[in-house]
Amino acid sequence: MERGTIPAGDLPGGIDLQATVESGQSYCWFRDDGRMYEGAPADGWYWTVADGEVLRVRQVDDGLAWESTTDAVPLLTRLHRLDDDLPAIRTATPADPHLQSAYDAYWGMRLVADPPFRSLISFICSAQMRVERIHAMQVALAEAYGEPIQAGGETYHAFPTPDRLAAATEAELRDLGLGYRAPYVVETARMVADGEADPAEAAELPYEEAREWLTRFVGVGQKVADCVCLFSLGFLQAVPLDTWIRTAIAEYYPDCDRGSYAETSRAIRERLGGEYAGYAQTYLFHYLRTRE
DNA sequence: CGCCAGGCCTTAC
DNA sequence: GTAAGGCATGGC
């Protein structure tokens with residue numbers, strides 16, 4: 001495998017790799033030691049398969065070391081948004097004490113840009129489910145239906161293609177622990193496999209239209225659509241209204257509760273700074289969920 | 001035992 | 001357009 005490093009000087013604002021891949025925004029990365037989400041320090045390697053290439057990454061001081069079946073720099077730059085200027089983004093964020101505490105706690109965390117189909121399926125699986133178990137479902141899907149790839153003497157699994165997931169049965173996915181989400185995953189995979197719609201197309205639309213468009217997939221409502229907008233398609237203004245953020249709105253921003261999803265979303269988006277509200281949301285989510 | 005988890009679907013109004 | 005009820009599963 002090829003190897004290289006990305007020095008801290010190439011990462012505006014630095015990098016917190018563990019927070020980036022263990023904050024519930026991406027379910028594409030796995031640890032060699034298998035200890036995701038246990039709160040244990042991650043001084044080892046994370047791996048994923050993207051574009052058919054094996055990619056391994058670990059944090060070294062304030063930079064990144066990588067091993068890959070290809071030149072990982074462009075791929076990793078895209079997937080982990082390494083070009084995002086974190087200090088500039090933070091400057092555009094309101095001087096709200098909750099937001100600033102969250103930024104301080106996980107400074108260096110970046111938004112991800114997961115592959116659209118993979119992001120779509122993982123967030124369909126996320127409904128009424130804890131982060132750790134969402135991740136476990138993606139591991140199960142990859143091991144059951146993903147293409148095995150050999151690299152460096154190890155076997156890795158790609159994420160299943162739409163065709164492979166569409167060919168799975170609801171019963172099989174229930175056996176993997178997906179519960180009532182199983183038929184949603186099969187039907188959405190079939191829609192993509194048959195060419196009815198491709199989630200990547202939504203990136204060409206204005207943000208609110210993209211969110212609405214994505215709800216055509218089965219198992220995708222406004223919240224899941226917002227997650228795909230933010231964690232895959234690059235709509236950094238998206239603020240998914242999940243249970244944690246709704247609690248934060250009730251406690252800290254009660255005037256932003258406007259009843260409907262669309263109007264509450266607009267209000268909290270402005271409160272969190274507008275253009276980069278999704279960054280603020282992701283820091284706040286991770287901070288609230290991991291404190292104590 | 002009950003409650004909750006990065007909600008969505010169907011049905012009824 | 002909004003409101004209620006059902007839905008799988010595992011951890012606490």
Side-chain angles (χ1 to χ4, degrees), chain A residues 19-29 36-39 102 106 109 111-112 114 118-141 144 168-191 199 208 211-233 235-236 238-251 257-266 268-269 272 277-292:
Chain A
T20 300
V21 299
E22 296 192 36
S23 54
Q25 47 169 328
S26 175
Y27 299 93
C28 299
W29 293 85
M36 299 285 284
Y37 309 113
E38 293 179 12
Y106 292 108
M109 181 172 73
L111 283 176
V112 297
D114 281 347
R118 192 167 184 172
S119 182
L120 182 66
I121 295 298
S122 62
F123 280 101
I124 288 172
C125 291
S126 77
Q128 290 293 103
M129 194 51 60
R130 288 185 169 81
V131 166
E132 296 80 355
R133 291 197 54 213
I134 301 164
H135 190 264
M137 290 180 192
Q138 309 315 302
V139 173
L141 289 174
T169 66
E170 175 181 338
E172 289 172 355
L173 298 191
R174 285 181 184 267
D175 285 343
L176 293 180
L178 269 66
Y180 60 78
R181 305 153 195 81
Y184 302 162
V185 168
V186 174
E187 177 59 11
T188 286
R190 186 204 61 75
M191 292 173 71
E208 290 191 342
R211 186 180 67 198
E212 186 61 30
W213 188 90
L214 286 167
T215 64
R216 72 188 51 220
F217 295 104
V218 179
V220 179
Q222 308 244 61
K223 186 271 170 184
V224 166
D226 253 339
C227 287
V228 176
C229 281
L230 181 59
F231 304 133
S232 176
L233 303 182
F235 292 105
L236 304 188
V239 179
L241 300 182
D242 64 86
T243 54
W244 288 89
I245 294 302
R246 287 185 181 277
T247 299
I249 290 173
E251 284 187 30
D257 184 355
R258 306 294 168 83
S260 75
Y261 188 101
E263 292 303 321
T264 301
S265 176
R266 283 180 187 164
I268 191 66
R269 183 159 76 245
L272 298 185
Y279 251 105
Q281 188 271 5
T282 301
Y283 271 92
L284 189 58
F285 172 86
H286 191 44
Y287 176 65
L288 295 176
R289 212 178 65 79
T290 56
R291 68 182 177 184
E292 299 170 59

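Just so we're on the same page: letters track the sequence lines, and every chain starts at 1.
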Give a yes or no on whether a donor-acceptor pair under 3.5 Å exists between the nucleobase atoms of dG7(B), that is its base, and the side chain of Tyr261(A). no
Take the protein atom CG of Leu173(A) and the nucleotide atom P of dT9(C), then report the distance between them rounded to whole Å. 12 Å
Thr188(A) (side chain) donor-acceptor with Val218(A) (main chain) under 3.5 angstrom: yes
dA8(C) versus dT11(B) - spacing of their P atoms, nearest Å: 15 Å
Looking only at heavy atoms, which two atoms of Arg289(A) and Val131(A) are closest? And how far apart? CZ-CG2, 3.7 Å
Measure CG/Leu178(A) against P/dC7(C) and give the value in whole Å, please. 18 Å
Check: Ser126(A)/Tyr27(A) side-chain N/O donor and acceptor closer than 3.5 Å: no
Side chain of Ser260(A): nearest nucleotide among dT2(C), dG6(B), dG7(B)? dT2(C)
Nearest whole angstrom, please: distance from the C1' of dT2(C) to the CD of Gln222(A). 13 Å
Taking dA8(C), dG6(B), dC9(B) as options, the one with an atom nearest any side-chain atom of Tyr27(A) is dG6(B)
Span that lies between the P atom of dG6(B) and that of dT2(C), in whole angstrom: 26 Å
Upstream residue (5' side of DNA chain B) when Glu132(A) and Val218(A) are each assigned their closest nucleotide: Glu132(A)
Distance-only donor-acceptor test, Arg130(A) side-chain atoms vs dC4(B) base atoms, 3.5 Å: yes
Could you give the CD-to-P distance, from Glu187(A) to dC8(B), as a whole number of Å? 17 Å
From the options dC8(B), dG6(B), dA8(C), select the nucleotide whose nearest atom is closest to the side chain of Tyr180(A). dA8(C)
Distance check: side-chain N/O of Thr243(A) vs OP1/OP2 of dG7(B), anything under 4.0 Å? yes
Of the nucleotides dT9(C), dG6(B), dA8(C), which one has an atom closest to the side chain of Arg133(A)? dT9(C)
Could you state the CD-P distance from Gln128(A) to dC9(B), rounded to the nearest angstrom? 13 Å
Using modelled atom types and a 3.5 Å cut-off, is there a donor and acceptor pairing between side-chain atoms of Arg133(A) and backbone atoms of Arg130(A)? no
Where the side chain of Phe285(A) is concerned, which of dG7(B), dA8(C), dG6(B) is the nearest nucleotide? dG6(B)
Verdict with reasoning, Lys223(A) to Asp242(A), per salt bridge (Lys or Arg N to Asp or Glu O under 4.0 Å): CA-CA 7 Å; Lys223(A) 186 271 170 184; Asp242(A) 64 86; 5.6 Å; no
Main chain of Ala127(A), side chain of Arg181(A): is a donor-acceptor contact present, judged purely on distance under 3.5 Å? yes
Spacing of Ile124(A) atom CD1 relative to dC7(C) atom P, expressed in whole Å: 21 Å
Under 4.0 Å, counting only non-hydrogen atoms across every strand here, what does Gly221(A) touch: a base, just sugar-phosphate, or nothing? sugar-phosphate
Given atom CZ of Phe217(A) and atom P of dG7(B), what is their separation to the nearest angstrom? 20 Å
Leu230(A) has an atom CG; how far is it from atom C1' of dG6(B), in whole Å? 11 Å
Looking at Arg174(A), does any N or O in its side chain come under 4.0 Å of the phosphate oxygens OP1/OP2 on dA8(C)? yes
